[in-house]
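Below is one structure, written out as structure tokens; the observations come after it.
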Amino acid sequence: MDPHTLQTEGYYFDGKFASETFTAHPKIDPQTGEMFAFGYAAKGVTTRDTAYYLIDKQGRVKTRSMV
């Protein structure tokens with residue numbers, strides 16, 4: 001995020017971010033550049049579901065799963 005304009009920079013997730021939460025420590029595959037991430041309580045505070053994401057180098061969500 002740009003600190004002056006608050007515009008989004010970097011990963012944007014192509015508008016497909018469905019979870020209310022997102023890990024503070026996503027991991028990037030050093031060979032593919034893809035980012036793996038998750039979010040607990042994905043449907044809201046105190047819910048038991050988890051969201052899992054695979055995001056490509058351009059910030060597009062390749063895989064989205066909610067359990």
Side-chain angles (χ1 to χ4, degrees):
M1 179 179 285
D2 182 287
H4 303 290
T5 66
L6 303 181
Q7 291 290 349
T8 301
E9 295 179 355
Y11 288 110
Y12 177 66
F13 310 121
D14 198 28
K16 294 187 170 61
F17 189 68
S19 174
E20 289 191 23
T21 59
F22 192 80
T23 182
H25 305 284
K27 303 298 180 213
I28 297 183
D29 183 310
Q31 293 180 342
T32 66
E34 296 170 321
M35 182 171 69
F36 299 84
F38 63 91
Y40 293 119
K43 294 181 182 175
V45 178
T46 73
T47 60
R48 293 180 162 184
D49 44 288
T50 301
Y52 168 79
Y53 294 94
L54 174 60
I55 301 161
D56 70 15
K57 290 193 295 188
Q58 289 73 38
R60 293 181 301 248
V61 176
K62 291 178 66 175
T63 303
R64 177 178 64 181
S65 175
M66 199 166 311
V67 205

Revision key, fill the gap. Side chain to side chain contact (heavy atoms under 4.5 Å, CB included) filter on His25, not counting sequence neighbours, yields Thr23, Lys27
Check your understanding: Say you draw a straight line from OG1 of Thr63 to CG of Asp56; how long is it, rounded to the nearest 0.5 Å?
Key -> 10.0 Å
Revision key, fill the gap. The reported gap from CZ in Arg60 to CD in Glu34 (rounded to nearest 0.5 angstrom) is 11.0 Å
Point to revise | Partner residues of Tyr52 under the ring-ring contact (aromatic ring centres under 6.0 Å, His included) criterion, sequence neighbours left out | key: none
Review point. Does Phe36 belong to the same Ile/Leu/Val/Met/Phe/Trp/Tyr cluster as Val61, with side-chain heavy atoms less than 4.5 Å apart forming each link?
Key: no
Distance-only donor-acceptor hits, side chain of residues 37-48, under 3.5 Å, sequence neighbours excluded:
unit_1, atom_1, unit_2, atom_2, d
Thr47, OG1, Gly44, N, 3.4
Thr47, OG1, Gly44, O, 2.7
Thr47, OG1, Asp49, OD1, 2.8

Review point. If you take all heavy atoms of Lys57 and Gly33, which pair is closest and at what distance?
Key: CG-O, 3.3 Å
